[in-house]
2 protein chains.
Amino acid sequence: MSQYLNYAIQLAEMVEGQTGINPPVGAVVVTNGKVVGIGAHLQQGDKHAEVQALDMAGNRAQGGTIYVSLEPCTHFGSTPPCVDKIIEFGISKVVYAIKDTTLSSRGDQILKDAGIDVEFRYQEAAAKLYNDFFTAKRNSVPEVMVKVSCSLDGKQATDEGQSQWITNRAVKQDVFQLRHINDAVITGTGTLNTDNPSYTARIEEGKNPIRVILSRSGEIDFTLDMFKDTEAPIWIYTENENLTSNKNNIDINILEDCSLQNILHDLYQKGVGRVLVEAGPHITSEFLQSSYTNELIIYYAPKIIGGSGRYQFYSTEHVLELADVPNFEIVNTSMLDQNIKVQLRKK
Amino acid sequence: MSQYLNYAIQLAEMVEGQTGINPPVGAVVVTNGKVVGIGAHLQQGDKHAEVQALDMAGNRAQGGTIYVSLEPCTHFGSTPPCVDKIIEFGISKVVYAIKDTTLSSRGDQILKDAGIDVEFRYQEAAAKLYNDFFTAKRNSVPEVMVKVSCSLDGKQATDEGQSQWITNRAVKQDVFQLRHINDAVITGTGTLNTDNPSYTARIEEGKNPIRVILSRSGEIDFTLDMFKDTEAPIWIYTENENLTSNKNNIDINILEDCSLQNILHDLYQKGVGRVLVEAGPHITSEFLQSSYTNELIIYYAPKIIGGSGRYQFYSTEHVLELADVPNFEIVNTSMLDQNIKVQLRKK
């Protein structure tokens, strides 16, 4: 039993959502039963967790063990390889919780050749932290979380489009937290016109996500509230070649085909590692039908709306066999005042 | 709601038991909703947590908030005052979880005078970390944890002294962990002669405590196992002026009066901040009668021993009124295989 590997994972969790297209990683250096260095990868381009922890430890790293939430890297990226630094500091043992399946796995061998003991000790908590990251990185797309607020009968609004009263205060706070841990929020013009949202994270030290608007037609009402604030950049994806804006924080990206694939690839190229989809039925359904959705968060209000279901959160043109509809695993359910939060993972 | 203060407390918990007579402290610097520095006070004489975190943050600390598990210090100890460093790095807000009642509390004012926003935000989890520390520091004695393994009828051994079979494997592992988080273990010659223990922490990266032996008479059998290993220093407290040892790791402290008070003061002067008492009925009872015990951990084996109770863990010469006997608060109970662990705090 060792608590140190858990500490490394805790450190990784502390920086989850702020490392862009890099993984959140934590590291702890232990010598003679004492923590002599702690580190985390704070943001893209910064020192890796191992380097932070080794720098803090200095000479005391000599002969010690480094515990890392993820297998140390062996490549020159924006920083030199961590395995070199581990060897340089005289570490005698490396313990890590998850193998980095996106890298060639020569790290163990390089370390062993340098006389360092290496142990891969699988930890479920770390797997949760990295599985979606690995998939997203392999596909060069961000991790995608879809958020839906709806009635018990699965509608985001009445047929008339009324929706503002669906969520309560506790849900709003929880959504702020979701925005905080994602690099960007994706929405469409329908939601903008109906709700006039700002998509900020109004919690203490809330980090506002980039606001990404999908509008093939480019018909956007620039008098809406979001365009008046400069809380976070606004990136518009459109097929309309004539769309322009003279505002500093508004970037217009014109794509020949505004498919999810093209948009997500472009976002990833721009350093967006995690996105939250907060949109109306059309975009939400498009994401849920795609293979890109990793997580689905549903907030159910204790109401049944009825009507024709014009704003049901999931509707599709094609009708699938029941055996072929998207399947989810329920990760957690909880009460937020009188609303129910259900966290799901795409299977 | 802010998770950052909790992160600071988690960091403090990672170094609990390795900071000697200093408190375990954690700090997190946050700027624009991102963690830009993390730190912990690793050991006595080392940089404080705030300094570690600020050094990691560098320029990015400018305008940020620092979250600290304990009020930042204002004094020159082995390092310069943390408040100066906080001001120097351009921090705009300080949030801390516990007031340091052992220091004069001018810190808030110094920070406010420098134009820094200061918030004391009480956290129960941090209070648990520091309450015993404050008491111990005020009295210049270590925090004291007494550990007892006994039968359901409160005996550490049969009248014949048989005791080895009382604890199971799970309890032994748990006790290793207790040793790991304490600077020293205190015992007497009775236990040494009966159990021939080594008092090491045989867990991964276990930190062995200093082994403190109380022996007024100085009649010690130096052929016992403990004296053969050099796993950790051995400090003997005795009133016997003729006791000597030529071994490197054995220190003999001759006191005119080997009272608990004198011994504990001396240990504290030597940098021992936390001690675990693992002794027979005599020393255990002495500690439990005294005001020095902060925590009591009892492991009950599912046995009833009977006999006259020669080795009952608590016996006293004086009989107190029931209203005056030591009272405890039960913090937790748990099962360790077929033994019961009860954690108590002296009221």
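Proteins get letters first, then strands, A, B, ... in listed order; numbering begins at 1 in each.
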SB check B:R274 B:D132 (cutoff 4.0 Å):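 Judged by the 4.0 Å cut-off on N to carboxylate O distance, B:R274 and B:D132 do not form a salt bridge.
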Spatial distance of atom OG1 (A:T19) from atom CD (A:Q44) [nearest 0.5 Å]: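 So the gap between those two atoms works out to 8.0 Å.
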If you tally heavy-atom pairs under 4.5 Å against chain A, which of [options] wins?
options: B:K34, B:H180, B:Q52; answer: B:K34
options: B:V35, B:I38, B:V28, B:L11; answer: B:V35
options: B:N208, B:V36, B:N6, B:D55; answer: B:V36

A:S198 and A:E231: side chain donor to acceptor below 3.5 Å: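 Distance-only check fails for A:S198 and A:E231.
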Whether over 12 other heavy atoms sit under 6.0 Å from B:Q338 CD: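 Not more than 12 within 6.0 Å, no.
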Crowding at CG, A:N332 (>12 non-hydrogen neighbours, <6.0 Å):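 Count over threshold, so yes.
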Under 4.5 Å from a heavy atom of chain A, the part of [X] involved:
X: B:K93; value: side chain
X: B:Q43; value: side chain
X: B:V15; value: side chain

Test item: B:T31 side-chain N/O and B:R60 main-chain N/O as donor-acceptor pair under 3.5 Å: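 The answer is yes, because a donor-acceptor pair under 3.5 Å joins these two groups.
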Structural part of A:Y4 lying under 4.5 Å from a heavy atom of chain B: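 Contact with chain B: side chain only.
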